[in-house]
Amino acid sequence: MNIQKTIEQAVKNAVAKTYDVQIQQVEFQPTRKDFEGDITLVTFPMLRQVKTNPVQLGQRIGEFLVENVAEVKKFNVVQGFLNLVLSDSFYLNSFNETKNKKDFGKLSFSDNSKTIMVEYSSPNTNKPLHLGHVRNNLLGYSVAEILKAAGNKIYKTQIINDRGIHICKSMLAWVRFGDGETPESTGLKGDKLVGNYYVKFDQEYKKQISELIAQGKTEEEAKAEAPIIKEAQQMLLKWEAQDPEVIALWEKMNQWVYSGFEETYNNLGVDFDKNYYESDTYLLGKDVIAQGIERGVFYKKEDGSVWIDLTDEGLDEKIVLRSDGTAVYMTQDIGTAIQRVKDFDIDGMVYTVGNEQDYHFKVLFLILNKLGFNWANYLVHLSYGMVDLPSGKMKSREGTVVDADELMEQMTLTAKTISEELGKLDEYSEEEKAELHKMIGLGALKYYILKVDPKKRILFNPEESVDFQGNTGPFIQYTYARIQSILRKADFDYSEESTIPESYQLHEKEKELIKQILLYPEMIQLAAENHSPALIANYTYDLVREFNSFYQNVTILGTDNEAEKKFRVQLSKIVGEVIKSAFGLLGIQVPERM
RNA sequence: GGUCGCGUAGCUCAGUUGGAUAGAGCACCUGCCUUCUAAGCAGGCGGUCCCAGGUUCGAAUCCUGGCGCGAUCACCA
């Protein structure tokens with residue numbers, strides 16, 4: 001069925017017959033552009049078992065394949081490389097098969113599918129989302145879509161960090177300096193309003209620290225004794241004691257933040273099946289720790305704190321419960337993981353969290369493993385590099401962040417400017433134009449971020465705007481729009497089977513396009529295995545580059561051969577479908593015109 | 001200091017399990033809009049794949065040792 005498998009078997013037969021040797025591995029690679037051929041057999045590895053020279057071996061196998069495998073039309077041997085030329089009819093047949101497939105490239109849920117929960121975003125509720133969150137969101141959403149396309153059942157989730165001292169800081173500053181401000185009264189997005197007070201707290205805190213230092217305190221003392229920080233700590237205690245007033249304030253301000261986040265998520269085009277809130281889960285895990293002590297996984301120190309010894313694994317000792325019995329981050333994550341498996345009967349989880357937490361997740365997975373959960377083997381930390389600015393790390397408190405909403409706004413504006421310069425959309429209404437500008441602006445942003453290998457860090461320079469030409473989202477969207485234009489202009493029925501004759505000689509560009517299309521299914525699998533949207537992005541770019549070359553070198557509607565015309569329209573249509581499908585996996589929409 | 005990650009063209013990035021002369025985009029230079037959308041196409045310029053050893057028929061890729069950048073090593077999250 002798979003052509004490579006067919007050839008592989010034939011190669012084994014050829015070697016067995018000619019040299020009486022059974023070979024195990026047959027190595028293929030795509031033929032380099034500078035040589036004639038579609039698929040190349042590398043003969044060097046076989047020379048260990050077969051005693052001959054590479055050229056002769058290639059020659060013998062080549063002759064055998066041409067004789068015995070219908071799809072192999074001819075061959076040439078360059079050094080130890082056997083380049084095989086496949087017949088056009090093979091490509092035409094493959095093309096016709098994919099043409100009729102519904103969700104070409106995607107697998108549906110089956111017996112060997114897994115149910116996986118993908119966690120991403122997971123923000124703090126004390127400040128707005130910034131570019132770092134944008135990368136996280138885009139990655140998490142896209143990986144979820146890719147895993148789904150690879151045949152898995154997916155739940156998207158986030159854990160919202162809605163409690164703790166940082167939230168109390170915003171709350172306190174609002175009480176102190178807020179003068180009753182609300183999103184309604186100021187016209188500010190809720191998350192922005194609350195974020196302002198987080199900054200305000202920090203300013204006040206710093207002021208008090210320097211005052212105390214001026215009075216003769218050490219920096220450490222000043223940091224601990226500043227009245228405002230003590231007050232925030234008091235507030236946290238009250239929160240934990242369920243003080244009605246504090247709880248009411250907390251609920252009110254969190255609500256502001258949530259509606260702000262919702263707007264950002266909507267604009268970004270990401271969604272979640274289930275939200276977990278830290279205020280619900282932060283106590284989870286304690287029972288598990290207690291059981292773990294009995295089973296000897298954890299041990300208690302004299303002061304009452306509980307630890308796990310991971311020195312055998314080359315790691316350190318790690319605390320899992322404080323001496324006062326309260327939970328730490330790790331306690332909570334253990335509890336939450338177990339809770340999720342209970343809630344959704346999942347086989348595994350993907351945590352989209354920055355690489356600064358590599359160590360944490362290594363430890364978490366190890367602990368869950370030692371606790372004996374078999375699903376612990378299916379936990380993945382989707383670790384990605386930080387997004388830095390030329391000036392260094394982004395810091396919310398110091399205001400050196402690229403705000404998510406502003407960034408999207410900016411991208412949309414750039415798209416608008418370019419679009420208006422080109423002026424191709426005169427028949428569009430203002431509303432349609434606005435929608436398109438957003439689609440293109442976000443396409444540029446998303447592609448820009450997703451095309452980079454997740455584990456690499458991104459240096460984002462706000463001064464140099466994201467490109468709209470070359471290897472970019474808009475270039476790919478543009479190609480899609482071009483294809484749709486052709487389909488609109490094709491005033492004949494191209495839906496049925498292509499009637500291209502067996503003898504048809506495929507144009508080189510047509511053949512390259514079909515080759516690239518046929519790669520799509522395995523690319524989805526590869527991207528799923530590697531949790532890498534970048535593979536999809538780069539694949540799509542290659543496809544689109546190939547199509548544009550075809551488009552500009554081969555006439556599609558201009559040919560007077562009807563069968564050829566129909567075939568080329570169908571080919572264009574499939575390319576469009578693959579672009580749309582692949583971009584869907586990246587969370588990027590495609591336009592009918594642009 | 002220990003651990004983990006990264007280092008490829010001026011810049012941003014690709015490079016499958018080790019394979020042929022290391023590829024794209026941006027920028028710069030040449031051509032191409034009376035013909036399917038020029039956000040495009042065709043071409044040019046541009047490389048010590050961080051350095052040094054090693055493994056092998058063959059290394060950007062694997063191993064060892066350096067150098068540089070980043071992260072992490074809290075009873076923070």
Side-chain angles (χ1 to χ4, degrees), chain A residues 25 27-35 40 42-45 47-48 54 78-81 83 122 124 161 164-166 278 301 303-307 314-316 318-330 332-333 353-360 362 383 385-386 388 393 415 418-419 421-422 424 440 444 448 451-453 455-459 461 464 466-479 481-490 522-523 526 530 534-535 537-538 541-542 544-545 548-559 568-569 572 593-594:
Chain A
Q25 284 289 323
E27 196 177 312
F28 292 102
Q29 60 179 297
T31 305
R32 287 183 65 100
K33 287 257 157 72
D34 351 324
F35 301 95
T40 294
V42 187
T43 61
F44 296 110
L47 295 172
R48 285 197 185 116
V78 182
Q79 296 167 37
F81 300 93
N83 301 320
S122 302
N124 287 352
N161 199 335
I165 189 73
H166 46 284
E278 206 193 46
K301 285 193 177 173
D303 63 2
S305 58
V306 181
W307 298 71
L315 305 176
D316 300 323
K318 191 81 190 170
I319 191 163
V320 293
L321 206 61
R322 292 197 188 95
S323 53
D324 62 3
T326 56
V328 292
Y329 183 38
M330 191 62 76
Q332 180 200 141
D333 267 5
V353 182
N355 62 12
E356 55 198 354
Q357 293 193 35
D358 284 355
Y359 185 70
H360 171 78
K362 204 184 257 185
S383 164
M386 296 290 103
D388 291 325
K393 224 178 151 150
I418 295 173
S419 177
E421 273 170 19
L422 297 172
K424 295 184 190 173
I440 296 168
Y448 174 81
K451 77 170 180 187
V452 182
D453 184 339
K455 66 181 177 230
K456 292 195 175 174
R457 72 187 199 118
I458 292 181
L459 189 70
N461 189 345
E464 302 165 14
V466 177
D467 270 327
F468 282 66
Q469 280 171 7
N471 186 359
T472 67
F475 167 54
I476 293 167
Q477 289 171 318
Y478 173 73
T479 305
R482 262 186 165 175
I483 292 170
Q484 299 321 300
S485 172
I486 288 173
L487 298 183
R488 279 192 300 271
K489 288 188 174 155
E522 57 187 274
M523 203 48 77
L526 199 62
N530 292 295
L535 295 176
N538 287 309
Y541 175 62
D542 287 339
V544 161
R545 213 156 39 101
N548 276 300
S549 181
F550 163 71
Y551 176 91
Q552 221 126 11
N553 286 290
V554 179
T555 181
I556 298 168
L557 297 173
T559 174
R568 287 179 180 165
V569 171
S572 304
R593 304 168 200 266
M594 73 182 267

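Each chain gets a letter, A, B and so on, in the order the sequences are listed, and its residues count up from 1. Worth knowing before you read on, the calculation uses all heavy atoms, side chains too, and leaves out hydrogens, waters and symmetry mates.
- A glycosidic torsion no more than 90° from 0 defines the syn conformation; B:C69 lies beyond that range and is anti.
- The aromatic ring of A:Phe44 sits over the base of B:G19, with ring centres less than 5.5 Å apart and planes inclined by under 30°.
- Heavy atoms of A:Thr555 sit under 4.0 angstrom from at least one base atom.
- In this structure, A:Phe475 has its ring center at least 6.0 angstrom away from the ring center of A:Phe468.
- Closest approach of A:Met330 and A:Ile319 over heavy atoms only: CB-O, 4.3 Å.
- In a base pair of the Watson-Crick type (N1 to N3 plus N6-O4 or O6-N4) or a G-U wobble (N1-O2 and O6-N3), with each distance short of 3.5 Å, B:U64 is matched with B:A52.
- Of the side-chain N and O atoms in A:Arg545, none sit less than 4.0 angstrom from OP1 or OP2 of B:A39.
- A:Thr40 contributes a side-chain N or O that forms a donor-acceptor pair with the base of B:A20 under 3.5 Å.
- Residue-level contact check: A:Val554 touches the bases, meaning some heavy atom is under 4.0 Å from a base atom.
- Both geometric conditions, a ring-centre gap below 5.5 Å and a plane tilt below 30°, are not fulfilled together for A:Phe475 over the base of B:G40.
- The separation between A:Gln357 atom CD and B:C76 atom P is 15 Å, rounded to whole Å.
- Taking atom C1' in both B:C57 and B:C67, the straight-line distance is 32 Å, to the nearest Å.
- Taking atom NZ on A:Lys455 and atom P on B:C6, their separation rounds to 5 Å, with Å as the unit.
- For A:Arg32 and B:A20, the shortest distance from a side-chain N or O to OP1 or OP2 is below 4.0 Å.
- A straight line from CG of A:Asn553 to P of B:A38 spans 13 Å, rounded to a whole angstrom.
- Listed pair A:Lys33 / B:G23 fails the phosphate criterion, with no side-chain N or O lying under 4.0 Å from OP1 or OP2.
- At least one side-chain nitrogen or oxygen of A:Lys489 sits closer than 4.0 Å to the OP1 or OP2 atom of B:U37.
- Between A:Asp542 and A:Arg545 there is a salt bridge, since a side-chain N of the basic residue sits under 4.0 Å from a carboxylate O of the acidic one.
- In this structure, NE2 in A:His360 is found 12.5 Å from OG in A:Ser383, a value given to the nearest 0.5 Å.
- Among the heavy atoms of the strands lying under 4.0 Å from A:Met594 is at least one base atom, whether or not backbone atoms are also near.
- Base engagement by A:Ile440 is indicated by at least one non-hydrogen atom pair under 4.0 Å involving a base atom.
- A:Glu356 comes within contact range of the sugar-phosphate backbone alone, with a heavy-atom separation under 4.0 Å but no base atom that close.
- Atom CD1 in A:Ile458 sits roughly 15 Å away from atom P in B:C6 (whole-Å rounding).
- The distance from atom CD of A:Gln552 to atom P of B:C41 is 7 Å, rounded to the nearest whole Å.
- If you check every strand for non-hydrogen atoms under 4.0 Å, A:Tyr541 touches sugar and phosphate atoms only.
- Comparing B:G68 with B:A52, their C1' atoms are spaced 15 Å from each other, to the whole Å.
- Side-chain N/O atoms of A:Tyr478 include one lying less than 4.0 angstrom from OP1 or OP2 on B:A39.
- Taking atom C1' on both nucleotides, B:A71 is separated from B:U55 by 31 Å, rounded to a whole Å.
- A close approach under 4.0 Å does occur between a side-chain nitrogen or oxygen of A:Arg482 and OP1 or OP2 of B:A38.
- In terms of phosphate contacts, A:Lys318 brings no side-chain nitrogen or oxygen within less than 4.0 Å of OP1 or OP2 of B:C73.
- As rounded to whole Å, 12 Å separates atom P of B:G18 from atom CZ of A:Arg48.
- Among the atoms of the strands shown, only primed sugar atoms or phosphate atoms (P, OP1, OP2) are found under 4.0 Å from some heavy atom of A:Ser549.
- A salt bridge links A:Asp34 with A:Arg32: the closest approach of a Lys/Arg side-chain nitrogen to an acidic carboxylate oxygen falls below 4.0 angstrom.
- Taking only distance into account, the side chain of A:Asp316 never meets the base of B:A74 through a donor-acceptor pair shorter than 3.5 Å.
- Stacking of A:Lys318 on the aromatic ring of A:Trp307 is not recorded, the 6.0 Å distance cut-off and the 45° axial limit not both being met.
- Across B:A22 and B:G46, the matching C1' atoms stand 14 Å from one another, rounded to whole Å.
- Distance A:Ile556 CD1 to B:U35 C1': 13 Å, rounded to the nearest Å.
- Stacking here means ring centres nearer than 5.5 Å and ring planes tilted less than 30 degrees, and by that measure A:Phe35 stacks onto B:A20.
- Across every strand in view, B:C57 sits in a pair with B:G19 that passes the Watson-Crick or G-U test at under 3.5 angstrom.
- The interatomic distance linking A:Ile483 (CD1) with B:G40 (P) rounds to 15 Å, in whole Å.
- Side-chain contact check for A:Asp467 and A:Thr472: no donor-acceptor pair (N or O, by modelled atom type) lies under 3.5 Å.
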